[in-house]
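First up is the structure itself, then whatever we jot down about it.
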Protein chains: 2
Amino acid sequence: MTTINDIAKMANVSRTTVSRALNNSGYVSEDVRKKIMSIVEETGYMPSVSAKSLRTKRSGVIGIILPRISTETASRLVNGINDVLSKQGFQILLTDTELQKDKEIEYIRLLKSRQVDGIILSATNINDELLQTIQDVDLPFVSLGQDFPGVTSVVYDDYAASVDVTNMLIQKGYDKIAFIGVGEEDPSVGYERKQAYLQTMAKHDLPVQDHWVETGDFSIESGYEGMKRILQNHDAQPNAVFAVTDRMAIGAMEYLKEQGYKIPEDVAVTGIGASVMSKYVSPSLTTVDYFNKEAGEEAARALLGQLQGKNTSKKIKNSYRLILRDSV
Amino acid sequence: MTTINDIAKMANVSRTTVSRALNNSGYVSEDVRKKIMSIVEETGYMPSVSAKSLRTKRSGVIGIILPRISTETASRLVNGINDVLSKQGFQILLTDTELQKDKEIEYIRLLKSRQVDGIILSATNINDELLQTIQDVDLPFVSLGQDFPGVTSVVYDDYAASVDVTNMLIQKGYDKIAFIGVGEEDPSVGYERKQAYLQTMAKHDLPVQDHWVETGDFSIESGYEGMKRILQNHDAQPNAVFAVTDRMAIGAMEYLKEQGYKIPEDVAVTGIGASVMSKYVSPSLTTVDYFNKEAGEEAARALLGQLQGKNTSKKIKNSYRLILRDSV
DNA sequence: GAGTGATGTGTAATCGATTACACATATGAA
DNA sequence: TTCATATGTGTAATCGATTACACATCACTC
């Protein structure tokens with residue numbers, strides 16, 4: 001491997017000069033600069049990033065922590081983040097917690113030791129230890145999807161979106177609306193969306209049967225099972241179901257279709273996420289577009305902002321859009 | 001930031017001893033080891049990866065180069081790779097070429113300068129310069145999805161799979177089979193699959209009309225447009241269409257449904273990829289499962305093998321499975 | 001009691017870059 | 001002519017780890 005010393009020797013200058021030529025810092029005469037550049041070109045020399053970042057404390061790498069790597073949401077986020085960051089010459093170091101809480105903390109520390117210049121975390125929960133760790137590492141940091149106090153966060157307006165969905169259903173005449181959510185440890189998806197549903201129902205004086213409220217785990221399967229449990233109680237059947245993710249909504253639809261229910265005539269279904277799939281299932285699924293890619297871009301921009309020193313902790317609320325389709 | 005020197009001072013030993021305790025290399029007395037460990041615990045010290053990899057030439061990072069970051073295939077691959085690699089303590093550095101050929105070469109070199117310990121490339125084409133670059137960087141290397149001569153490659157059996165799809169259609173009685181492919185610069189998806197289709201048709205003496213063979217660009221939209229062009233010629237309409245990706249197949253289905261064709265009665269449709277979507281569109285799509293996650297795992301394992309010195313260039317052919325559903 | 005190998009620790013060089021500081025020369029102003 | 005400033009280049013310290021080598025003890029063996 002050629003090093004800066006090799007280049008220096010070949011150009012008959014000191015490595016200081018080579019460094020200066022490469023980084024456009026300080027004075028270098030035009031002749032020498034050209035010579036160095038041509039040698040660099042020839043040899044295909046690339047500076048060692050380890051050496052560089054050992055010295056400068058910057059690595060040009062941004063760490064991303066995701067709860068699950070292989071979801072549509074995740075890949076849209078990463079796509080958006082990458083779009084913005086790669087244009088500025090940053091690379092992405094990816095980690096996947098596989099939904100294990102303690103890994104979030106572990107990875108933050110790991111990324112720090114890797115000298116990443118900043119971290120974007122898409123968390124599934126909030127707890128003090130996690131918050132403390134974020135404080136401790138003292139790096140440019142952006143939370144994506146959860147609102148951490150004191151930390152720059154790009155969030156979706158979960159509450160408003162879910163209110164809108166519920167209202168929309170009510171407006172269309174559905175009065176017996178069931179709900180398939182996820183565990184409330186997840187403030188955004190679990191808690192906010194459920195509260196929005198419950199409070200909107202209450203506001204319209206619409207009763208919510210206990211067995212109408214089910215909890216899944218994001219999977220299609222769990223949506224299927226949730227719907228099944230809801231319908232197994234025959235005396236108070238809902239005429240609509242609001243699932244908090246598209247996948248669970250599609251699971252619910254599967255069960256309904258299997259049992260011969262007509263969608264939306266017998267039971268209407270809504271999801272959240274605007275997955276590609278939602279458009280092509282039949283009937284096509286009414287859902288909410290959270291503009292994940294834009295959220296990723298937003299997060300990346302917020303991080304770049306911090307990298308450039310403006311480290312005011314900001315709260316950015318990403319917009320959303322209801323997509324009305326045939327399942328309602 | 002605490003360094004190894006700080007730890008050494010606090011433990012009243014030299015940094016050599018600290019290093020030895022941390023890496024379990026050489027002798028360290030039990031007393032001293034315990035003392036060091038407890039201090040490390042307390043301070044939350046983590047060694048600087050830059051310093052370490054500057055010295056050792058290993059970074060614990062594997063670079064991945066993908067043509068597109070936000071596709072189902074990509075996220076399954078990354079998922080598989082990550083599963084295997086993270087268990088061995090490796091991190092993933094992700095890059096996205098956005099389908100630009102020259103970026104593949106650029107990123108290989110970039111990753112090298114970042115001291116990655118190995119590279120997994122999911123290429124969309126093969127050319128000499130690329131091959132040369134792979135040779136030049138002289139790193140553990142695995143190609144995923146394309147067969148590079150002299151390079152360990154994990155590939156799908158594109159030819160056999162496409163033969164199977166075509167045969168299956170023929171067996172079911174379809175004799176006028178159209179085809180929606182992609183550009184032949186992509187040896188695996190563009191060339192192999194098309195050849196398999198053409199040759200299988202020929203083998204059964206089934207004619208292939210010129211206008212039955214269309215080229216898309218992986219997008220749903222391009223499948224829709226391809227199908228449209230195929231059907232606009234009214235004198236020789238096909239009764240089946242073989243799209244080489246699920247997304248294009250779904251695009252084709254959209255057009256067919258829109259125009260009032262019954263699937264599969266009027267026109268049967270098949271795809272490749274076993275996307276989640278394929279199961280939930282209606283009718284559900286007949287497709288081929290390429291076991292992308294397993295391919296990712298396989299690639300990661302092959303890379304680990306090379307990392308451990310067994311650097312025989314291997315060819316691994318991943319298996320596949322036809323999934324028969326209602327679109328045929 | 002001398003020799004030998006195992007155990008435990010430290011000294012200092014090294015990896016490949018950046019950068020503070022010093023020094024030399026050229027240029028222009030006074 | 002002289003001094004200040006701009007330009008161009010080099011010396012050497014530094015970042016935080018690893019590791020070859022040296023040295024000191026200790027326990028055994030013969």
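Heavy atoms only: backbone and side chains are in, while hydrogens, waters and symmetry mates are out. Residue numbering restarts at 1 for every chain, and letters A, B, ... go by the order of the sequence lines. No experiment lies behind these values; they were computed from the predicted model shown.
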Rounded to the Å, how far apart are [X] [atom1] and [N] [atom2]?
X: Ile7(B); N: dT18(D); atom1: CD1; atom2: P; result: 12 Å
X: Asn24(A); N: dG8(D); atom1: CG; atom2: C1'; result: 15 Å
X: Gln115(B); N: dG16(C); atom1: CD; atom2: P; result: 8 Å
X: Tyr45(B); N: dG16(D); atom1: OH; atom2: P; result: 10 Å
X: Arg20(B); N: dC21(D); atom1: CZ; atom2: P; result: 14 Å

Please pick, from [options], the nucleotide with the shortest atom-to-atom distance to any side-chain atom of [X].
X: Ser19(B); options: dT9(C), dA17(C), dT18(D); value: dT18(D)
X: Tyr27(A); options: dT7(D), dT9(C), dA13(C); value: dT7(D)
X: Val28(B); options: dT18(D), dT9(C), dT9(D); value: dT9(C)

Checklist entry - Quick one: do the Ser219(A) and Asp217(A) side chains pair a donor with an acceptor below 3.5 Å? => result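 Distance-only check passes for Ser219(A) and Asp217(A).
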Next on the checklist: I'd like to know if Lys103(A) and Glu106(A) make a salt bridge, using a cut-off of under 4.0 Å between side-chain N and carboxylate O.
Outcome noted: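 Looking at Glu106(A) together with Lys103(A), the answer is no, because their closest N to O distance does not fall below 4.0 Å.
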Checklist entry - Are Asp83(A) and Lys293(A) within salt-bridge range, i.e. N to O under 4.0 Å? => result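 Counted as a salt bridge, because a side-chain N and a carboxylate O are separated by less than 4.0 Å.
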Checklist entry - Within the structure shown, what part of the strands sits under 4.0 Å from Val49(A) by heavy-atom distance: base, sugar-phosphate, or nothing? => result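 Counting heavy atoms under 4.0 Å across all strands, no contact is made by Val49(A).
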Next on the checklist: For the backbone of Val78(A) and the side chain of Asn82(A), can you confirm whether one donor and one acceptor N or O come within less than 3.5 Å of each other?
Outcome noted: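 Side chain of Asn82(A) to backbone of Val78(A), a donor-acceptor pair under 3.5 Å: no, none is there.
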